[in-house]
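Some notes on the structure that comes next.
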Number of protein chains: 2
Amino acid sequence: MSGKSARAAQSQRALMGVRDLIISGEIRAGSRLSELALVERLGISRTPLRAALAQLGQEGLVEAIPSGGYAVRSFSREDVIDAIELRGVLEGLALRLAAERGVAPARMGELVRLLDGIDEALRGDVEDMDFDRYVDLNATFHEKLWGLASQTIRREIERVTSLPFASPSAFLDKQAGVLEFRRSLYGAQAQHRAMVSAIALREGTRAEALAREHARLARQNLEFVLDQDRSLIRRVPALSLVVG
Amino acid sequence: MSGKSARAAQSQRALMGVRDLIISGEIRAGSRLSELALVERLGISRTPLRAALAQLGQEGLVEAIPSGGYAVRSFSREDVIDAIELRGVLEGLALRLAAERGVAPARMGELVRLLDGIDEALRGDVEDMDFDRYVDLNATFHEKLWGLASQTIRREIERVTSLPFASPSAFLDKQAGVLEFRRSLYGAQAQHRAMVSAIALREGTRAEALAREHARLARQNLEFVLDQDRSLIRRVPALSLVVG
DNA sequence: TAAATACAAGTTGTATACATTTTACAAGCC
DNA sequence: GGCTTGTAAAATGTATACAACTTGTATTTA
């Protein structure tokens, strides 16, 4: 990609490959991961594969079996809700500390510009809106926003967000028509504006509360989907690991 | 130990060995970790060593160098404070969710019994008190307390706590005489009681606030030590990685 | 003299061979 | 008939050999 050398190319391939196999549902939750089978399937050797499995274990997508090896982790409803709450708390902390310590005007301007771009992408009819551009800009905005925090906190946010269902964008799919995403999107935009404003005014406590509320909305959406019948749930690949 | 088989013995040895070398200060912050040197020093092969380095990278104790390999991470004052704050919000979340969902009386009783044991260990004169027993019971209490949360949250708490300076116990050393630990210990005990009480009464918000305050105390202690001259700082091995 | 380049040594990433453990299956025993 | 035990196969953990890249140094050239 950017500055990343092609040094650890195989490890990256292994990581993405296994993650895709799990999220897409090709390997079911709870089933054991055979190293030899994965090696054959991904066309790499065992060493980088094992590195990838170890990292996925740290991320929480797979779990180590006491007797050896790994299995795809399955998530209960409680696990899923906790991951969302976790994200809210972490993002809240990131914003509170950023607000307390202050943020350079240049970075604030960057955030506002991104929000303007998102508004622009959302403009127009539902059918005509630039959905892909929205998703892209939204992701960039979040990166920059949590990027205001220190490395220590950013790392945790990224880790939690790597769980497939922890990110709200996992439920935004125009084609699949999952959720009434229009209202959800506008609501999220309003919250984004409020968060940036709170940081600019250096109101740390308010910024933190807003971030939590932001996650709360995501939690409600998630619980709504989980309460539906399986046909709706199946439209969200991120939920293939959730049992019950 | 308990049910853990000796299957991954070398990996465990590598993990503990490297961690000790870093925390003890034998390998300085910022310096590069040579795999061959570590292999020779620890008497293992490169494969389990690399697994250990990867995990330490996830924990945040070492960081990957873009051109390859790892270096011991150095922590700024901000990093250290953020880790404490992080611990506070994570533990707060754990307690809030536990209080909201309720905890079985048996587990609550277990916690109270541990607190009684800690009180007993603290009884008597400063010189006579059973310091080791206090440290042991205190660790068990914290394990049980955060154990009330789901696996997802517990994992994060354990990860953050693994940073050498993130745990308050890193600053409790009777021999070294770091901090006026007596007052600190009694204060922590009072907070522990209040947290357990809040959970029992199912007051989630209060439990969360108490956990945060608990971490706040740790942050104050930490900042106090950091503001002292190097001679005091050197008495706390956990701070060998902190620059400035 | 300073900069650039080529070369060499050292280091990491990858692949694979080996050893130990787990596990499944079948035969034997109570 | 059910349980235990022994053996074989399979899978994981470990060690090491190999290859590619990085980096420091020395030599050459402008």
Side-chain angles (χ1 to χ4, degrees), chain A residues 1-22 26-73, chain B residues 1-22 26-73:
Chain A
M1 293 294 175
S2 49
K4 206 147 208 171
S5 70
R7 192 93 192 256
Q10 306 305 325
S11 295
Q12 285 293 102
R13 260 185 61 189
L15 188 64
M16 293 180 174
V18 177
R19 197 188 270 140
D20 275 359
L21 286 173
I22 293 173
E26 288 194 62
I27 303 178
R28 285 193 196 167
S31 62
R32 184 170 188 159
L33 290 163
S34 165
E35 293 184 0
L36 284 145
L38 289 171
V39 158
E40 201 166 336
R41 195 160 184 175
L42 299 174
I44 53 173
S45 77
R46 279 182 62 206
T47 307
L49 174 70
R50 283 173 67 73
L53 290 177
Q55 175 158 354
L56 290 174
Q58 289 291 318
E59 288 182 5
L61 207 59
V62 308
E63 61 187 349
I65 300 173
S67 61
Y70 293 89
V72 179
R73 187 167 157 209
Chain B
M1 301 291 171
S2 48
K4 207 148 206 170
S5 70
R7 191 95 193 254
Q10 305 305 328
S11 295
Q12 286 293 100
R13 260 185 61 189
L15 188 64
M16 292 180 174
V18 177
R19 196 187 274 139
D20 275 0
L21 285 173
I22 294 174
E26 288 195 60
I27 303 179
R28 283 193 197 168
S31 63
R32 184 170 187 159
L33 290 164
S34 166
E35 293 184 0
L36 285 154
L38 290 171
V39 157
E40 200 167 338
R41 195 158 184 177
L42 299 173
I44 51 172
S45 77
R46 280 183 62 210
T47 307
L49 173 71
R50 286 177 118 277
L53 290 177
Q55 174 158 355
L56 290 174
Q58 289 292 315
E59 287 182 6
L61 207 59
V62 308
E63 61 188 348
I65 300 172
S67 60
Y70 293 89
V72 179
R73 188 167 158 208

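Every chain is numbered from 1 and lettered A, B, ... according to where its sequence line falls, protein lines coming before strand lines.
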Considering residues at least two apart in sequence or located in another chain, which fulfil the side chain to side chain donor-acceptor pair (under 3.5 Å) criterion with Glu26(A)?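 Per chain and number, Glu26(A) pairs via side chain to side chain donor-acceptor pair (under 3.5 Å) with Arg41(A).
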
Check the distance between [N]'s [atom2] and [X]'s [atom1] and give it to me in whole angstrom.
X	N	atom1	atom2	result
Ile65(B)	dT11(C)	CD1	P	12 Å
Glu35(A)	dT16(C)	CD	P	15 Å
Ile44(B)	dA15(D)	CD1	P	7 Å
Leu49(B)	dT16(D)	CG	C1'	14 Å
Gln55(B)	dG13(D)	CD	P	13 Å
Glu40(B)	dG10(C)	CD	P	14 Å
Gln10(B)	dT16(D)	CD	P	11 Å

Starting the side chain at C-beta, find the nucleotide from [options] nearest to [X].
X	options	value
Pro48(A)	dT14(C), dA15(D), dT12(C)	dT14(C)
Arg46(A)	dA17(D), dT16(C), dA15(D)	dT16(C)
Arg50(A)	dT11(C), dT12(D), dA15(D)	dT12(D)
Thr47(A)	dT12(D), dT11(C), dT14(C)	dT14(C)

For [N], does OP1 or OP2 lie under 4.0 Å from any side-chain N or O of [X]?
X	N	result
Ser11(B)	dT14(D)	yes
Ser67(A)	dT23(C)	yes
Ser45(B)	dA15(D)	yes

For Arg32(B), which contact category applies under a 4.0 Å heavy-atom criterion: base, sugar-phosphate, or nothing?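 Sugar-phosphate: the residue Arg32(B), judged by heavy atoms under 4.0 Å, touches backbone atoms but no base.
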
Testing Val72(A), Val18(A), Asp20(A) for side-chain contact (heavy atoms from CB on, under 4.5 Å) with Ile27(A), which one passes?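 So, applying the side-chain contact (heavy atoms from CB on, under 4.5 Å) to Ile27(A) and each of Val72(A), Val18(A), Asp20(A), only Val72(A) qualifies.
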
